[in-house]
There are 2 protein chains.
Amino acid sequence: MIEGPYIAEIASLIGDPARANMLSALMDGRALTATELSLIAGVTPQTASSHLGKMQTAGLLSLEKQGRHRYFRLSGQDVADALEALMVLSSQTNPRKRHTGPKDQAMRHARTCYDHLAGCVGVALTDALIERGLIRDQDHGLAITEAGSRYFEQIGIDIPQLKTGKRAVTRPCLDWSERRPHLGGALGAAILDRFLEKGWLNRRKNSRTIQITPPGYQALREEFGIPADLLAANV
Amino acid sequence: MIEGPYIAEIASLIGDPARANMLSALMDGRALTATELSLIAGVTPQTASSHLGKMQTAGLLSLEKQGRHRYFRLSGQDVADALEALMVLSSQTNPRKRHTGPKDQAMRHARTCYDHLAGCVGVALTDALIERGLIRDQDHGLAITEAGSRYFEQIGIDIPQLKTGKRAVTRPCLDWSERRPHLGGALGAAILDRFLEKGWLNRRKNSRTIQITPPGYQALREEFGIPADLLAANV
DNA sequence: ACAACAGTTCGACTAACATCGAACCATGAT
DNA sequence: ATCATGGTTCGATGTTAGTCGAACTGTTGT
């Protein structure tokens, strides 16, 4: 009667509001402490501890101890994938409940997805990289071109270094708001890092949303030819 | 505190064992009646009715009345996507529980995913279609080539007809067992239909698994060059 | 050493929800 | 008409699991 993987366990794990909030917060890609997560979820530390324990033993979260702090993060890209797939569903199946507030606007415009750039801007950047011949479609995925290799090295991303890791260098990741893929993987993460370091982008605190700074605005338009109206969402 | 789509509702909906079983059964892609689903889930018709009602109002299922029967099916590809993503998770996060019985073997070898071919064979076929230049990667997706257009017409698939539908013609779909994409969309569904009609494949009843017939074995090897050892899994 | 803080364990409470028995509405067959 | 079958609604039941108060284990800092 029952065959294949048991999706019910995992799904019910994600199905609790407190846990879902924690997971959504961790889509950020960074690690958060137990108390931070308890605040985000709106529950007491005891309750949060229970939830975190369950998610960790289920393999959704990975734990990193640092002194008296315990940092939790999503255990991998697959978890982020499943969460995004659920977001696709819940953003379209019952659109009546979707409160399209300013936060939602910002979320659709630019946000982090696990550890790379997503949203409208993330998709546009991916398209631009293909347009410029820095990456290209290949074998159901994305590959770095010769020109891309040179360019990424030039802006300070160590491509050979990326290839040594066990993580996939490039990886298409489906976007819940745009319903189109954007660039993930080690390269996607490295690009986000560089853009943050360059001061082109800013993380808003307590949110996955990303702010484009004036220099970033200029750079994305001039270097990648991303249309101005696309960058300047009313947020 | 809470932002973006509410994934908890959807996830908890999928998180109930009875409902998860129903959904898994419907990954088949075909429509099943309420009582059939109640049997699959192992609950009484009353309970099943309640579950089905909830999933329908949530937009996971779509309903088709025929006489005194009510046929339920997955409401779309996105639902199947989310389920597959959850399968990816549950197949790897707690592998201890994964009973690798014969059914599981067959599942990994060849199965239907919503309405197209998946599993090891599904991925191999997709690769073969690309190899032969019948489809190709394009814009983060798959596109039909000129040669492909001619070929598919020749084997009885009406490509212009497919393009009139609102459904995407080609669509990469991530495989939970292979962890690689295979061909979905209207074309993927049409190919499965044709292969079933030709007698190359057989649906096993009460299962999503697919059996390759002797003529199918020969055809897939000769027409698409799929290695024999890949087709002849020990099932 | 002491206090403050991060985090966990334990036990009890509560609320949500899946489940089923029974009765009820359809549709289809005789 | 009458009966069987597919399916739903209602109400009652019972179990599960999220929640928090209180007490406890560490770690950091003064």
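Below, chains carry the letters A, B, ... as their sequence lines are ordered, and counting in each starts from 1.
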Q.
With a 4.0 Å cutoff (strictly under), does any side-chain N or O of B:S49 reach OP1 or OP2 of D:dG7?
A. no
(Q) It should be established whether B:T44 places a side-chain nitrogen or oxygen under 4.0 Å from OP1 or OP2 of nucleotide C:dC20. (A) yes
Q: Measure from the side-chain heavy atoms of B:R68 and tell me the nearest of C:dG7, D:dA4, D:dC20.
A: D:dA4
Q: Classify the nucleic acid contact of A:K65 as base, sugar-phosphate or nothing, counting any heavy atom under 4.0 Å across all strands shown.
A: nothing
Q. Should B:R171 and B:D81 count as an ion pair when the cut-off is N to O under 4.0 Å?
A. yes
Q | Ion pair A:R73/A:D115, N-O distance below 4.0 Å | A | no
Q: Classify the nucleic acid contact of B:T47 as base, sugar-phosphate or nothing, counting any heavy atom under 4.0 Å across all strands shown.
A: base
Q) Under 4.0 Å: is that the gap between some side-chain N or O of A:R70 and OP1 or OP2 of C:dT8? A) yes
Q) Just wondering, more than 12 heavy atoms not from B:K163 lying within 6.0 Å of its NZ? A) no
Q: State whether B:R111 and B:D175 are salt-bridged, where the test is any N-O pair (Lys NZ or Arg NE/NH1/NH2 against Asp/Glu carboxylate O) under 4.0 Å.
A: yes
Q: Specify the residue among B:F72 and A:H51 whose closest nucleotide of DNA chain D lies further upstream toward the 5′ end.
A: B:F72
(Q) Rounded to whole Å, how long is the line connecting atom NE2 of A:H69 with atom C1' of D:dT27? (A) 9 Å
Q. Do B:Q46 and D:dG7 have a side chain to base donor-acceptor pair shorter than 3.5 Å?
A. no
Q) Counting only side-chain N and O atoms of B:K54, is one of them less than 4.0 Å from OP1 or OP2 of C:dA18? A) yes
Q) A:G67 or A:S50: which one's nearest nucleotide on DNA chain D is closer to the 5' end? A) A:S50
Q: Check the distance between D:dA17's C1' and A:R19's CZ and give it to me in whole angstrom.
A: 9 Å
